[in-house]
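Scroll down for the structure; my scribbles are underneath it.
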Amino acid sequence: MRGRRRRGGGVVAVAAAAALAVTTTACTSTPPDPARAGTVVVSSDLPFASLNGATAAGRAPGSVLVRGLVQSGFTTLADDGTVDGDASFGTVEKVADAPLTVRYTIAPTATWSDGVPVTPADLLLEWAARSGQLDEVVPELDADGEPVGDLGDVVAFGATSAALARASAVPVVDGATVTVVYDSPVADWHVALDVNLPAHVVGRLALDPQAPSFPATTPTPSRGATATPSQGTTPTPSGGATTAATTSADATAAPSPDATAGEPDAAAAARWADAVVTAVQQQDRASLVPVSRVWRSAGRAGDVAADPTLTTTTGPYVLARVDGDGVEAVRNDAYTGDRPAAFDRVRVRTDLDPLAQVEALADDELDIAAPVSTPDVLTAATELEGVTVSTGGDAVLQVVLQEAGGGLFDPAAHASAPDPTAAAAELRTAFLASVRRDEAVRHAVGMLWAEAEVSDVVAAQVGPQAPAVEDPTAADPPDGPGDDGPLTVRVLANLGDPVRAAVVGGLVDAGAAAGFTVVPVEVDDPARALRAAPQDWDAALVPVAQEDLPVAGLAARWRTGGATNVTGHTDPALDAVLDALVAQPDPQAAAQGVTQAAEALVTWGAVLPVARTPVLTVSAARDAEDDDGLPVVGDVPVLTPSAADLTWWWGWTRR
């Protein structure tokens, strides 16, 4: 019987309710395409932007999702913060403590999807990009975190890593090993360096006079533009590309680099990879300028859609199509690692709204849906038969207080008090004590995730378990504003999100009972106001996502003058704790430091964790006998878009 039935024959309004009732209660008479059994279709609202994981676009959730499918590397970061290695790709080991020395050994089975082996050139290119040692300027970043300005004639990768910035010396290459020496220890050394973009592709595009000019397209892919395995591309009027000489529809590997006369493809690839190595080791500015220019943009969706060589990756799948509807990846026949592809194709659709995703799942057009979790979407999903509905938690919602914008919680606003710092601290503590976290869980999160509970996690996941702190609201709350009447607290949040809007509503009610007038801040772009307008808000409700460098990310959020410190928090004692933490290479000791820092922040009244945001994933429950012709996906975990690495989520697509 094709299609997911509604339980009890009931109908939930999903687009056109009557039409949906017909499609979900009747058997589909059209036999499925024979290829459908080997093709998995996933839907989400996370658009793909870039394969370059070191750029802001590449760190967007949709890009993280796609890279987790098509890229393999030395390590992956699990959702609980643990670091897992892939011995079939290579090994990462700490070989000395003073100075911290880390050795990368590339396995013979590590191969790019065009058949070219992974080499030290790929790691050396990434060190050059992420260490910042070769950048001639520090680019100005726009609101999206992308470099702006005229960078055409300077070396500017513009993606310095807080960890690799401490590795100032060019790594040493010896055969298949790369050795990185740090000037000072770093806690995130396990995940500080990995392969990203292929050096042989970047080298050819940057240094080969006969290579096509780059970039070839705008960053946004044209609707319908595709990137299928081919020997070359011809521009189309729409700005996309058509293949000049494509392989069969089932082709799974991107083309090899162009070879010059008399040279095989492997030799050409080695030549351009070696050119990158030479440029980095000799700090050849003439070569590094175009290499950095290509590296900044080579993974963007629009360029990937136009030039199939830019889809070159290392995982069990390789991109075959990028367009306005999403992406499609196919089995990578060049992959020789331990976790090969379990399906022929994986399509990730981003063109469906949440309720339409449920409808498409009911019609067997989708196999897995990860829509935004709302009451109507959850109800529609739970009324389907033959599916597995999984709910869970994603980023931790936290209340953070603005300490430097001249508002209520800034000591500068209490200059007439005997102790301005103490006066501001008392108000911070009183306001946070008014927050009814259990009510927030019950009324905002619990209806979408039955197992939801109050969270005491201040830091994003940085180990097997995120260090939690003692409940700061368990004790009797301190006195509120006193006889001077209610004090206004301006709360910034994304009110377009129903969960956050409900939590803010609770803050309004609870604040009134404690003597505060809580006023939601109405702005067009809350994320921008959070960073750029500290004078416009006193408190903010923000989700804290996992960082690709978890310990460095925590320090950047809370250290005085930290790159992502949006609250103006400053505490010399905490700075000392954080400085020691980011230089702690032992994971267990680092976890203790994270707990110490979190407790200091809660005691200060800088932050209050509330609850994890609810997420929903729905997958078709099938078996091969009863659902012949359709893919069997097995156990699919809840998709958490705030994870820094989603390789673990795709485990069900690998054998």
Side-chain angles (χ1 to χ4, degrees), residues 2 28 30-44 48 51 65-72 88 109 111-115 224-231 243 246-256 304-305 308-323 325-352 360-361 363-370 619-637 639 646-655:
R2 303 297 181 201
T28 301
T30 303
D33 185 328
R36 181 72 173 90
T39 300
V40 174
V41 186
V42 179
S43 70
S44 75
F48 167 68
L51 282 174
L65 180 64
V66 171
R67 282 206 325 278
L69 176 66
V70 302
Q71 192 79 308
S72 292
S88 67
T109 46
T111 307
W112 292 100
S113 54
D114 57 6
T226 60
T228 50
S230 69
Q231 299 302 316
T243 54
T246 59
T247 59
S248 69
D250 292 330
T252 59
S256 297
V304 167
T309 63
L310 298 176
T311 66
T312 306
T313 47
T314 56
Y317 295 90
V318 60
L319 285 180
R321 187 176 72 192
V322 178
D323 57 32
D325 296 334
V327 305
E328 184 171 293
V330 296
R331 187 189 303 272
N332 175 15
D333 283 345
Y335 177 80
T336 55
D338 287 344
R339 299 295 306 279
F343 299 95
D344 297 323
R345 294 176 180 269
V346 177
R347 184 183 177 196
V348 181
R349 294 183 60 177
T350 56
D351 61 325
L352 300 175
L361 188 65
D363 291 339
D364 280 332
E365 295 175 3
L366 293 180
D367 306 300
I368 297 161
S619 56
R622 305 188 182 112
D623 62 58
E625 293 184 2
D626 294 340
D627 295 284
D628 183 37
L630 293 172
V632 178
V633 297
D635 295 330
V636 178
L639 177 62
L646 284 167
T647 304
W648 59 268
W649 188 78
W650 291 107
W652 54 273
T653 68
R654 302 183 175 196
R655 291 187 278 127

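These numbers were taken from a predicted model, which means no experiment stands behind them.
The salt bridge (charged side-chain N to carboxylate O under 4.0 Å, His left out) check on Arg339 picks up nothing, with sequence neighbours excluded. Contacts of Ser619 classified as side-chain hydrogen bond (donor to acceptor under 3.5 Å, both in side chains), with partners at least two apart in sequence or in another chain: none. Residues satisfying the side-chain hydrogen bond (donor to acceptor under 3.5 Å, both in side chains) test with Thr336, not counting sequence neighbours, are none. Applying the side-chain contact (heavy atoms from CB on, under 4.5 Å) rule to Ala342 yields the partners Arg655; only residues at least two apart in sequence or on another chain are considered. Every residue meeting the side-chain contact (heavy atoms from CB on, under 4.5 Å) condition with Asp623, not counting sequence neighbours, appears here in chain and number order: Glu625, Asp626. For Thr647, the side-chain hydrogen bond (donor to acceptor under 3.5 Å, both in side chains) partners are Asp645, not counting sequence neighbours.
Val636 places a side-chain heavy atom less than 4.5 Å from the side chain of Trp649. Contact annotation: the side chain of Arg622 approaches that of Asp364 to within less than 4.5 Å [non-hydrogen atoms, C-beta and beyond].
In terms of modelled atom types and a separation under 3.5 Å, the side chain of Thr109 and the main chain of Ser88 share a donor-acceptor contact. Without hydrogens or angle criteria, Trp650 side chain to Val66 main chain gives no donor-acceptor distance under 3.5 Å. When atom types are taken as modelled, the side chain of Asp367 and the backbone of Ala620 share no donor-acceptor pair closer than 3.5 angstrom. Using modelled atom types, one side-chain atom of Thr313 and one backbone atom of Val70 make a donor-acceptor pair closer than 3.5 Å.
Ion pairing of Asp344 with Arg331 is present here, as a side-chain N (NZ or NE/NH1/NH2) and a carboxylate O approach within less than 4.0 Å.
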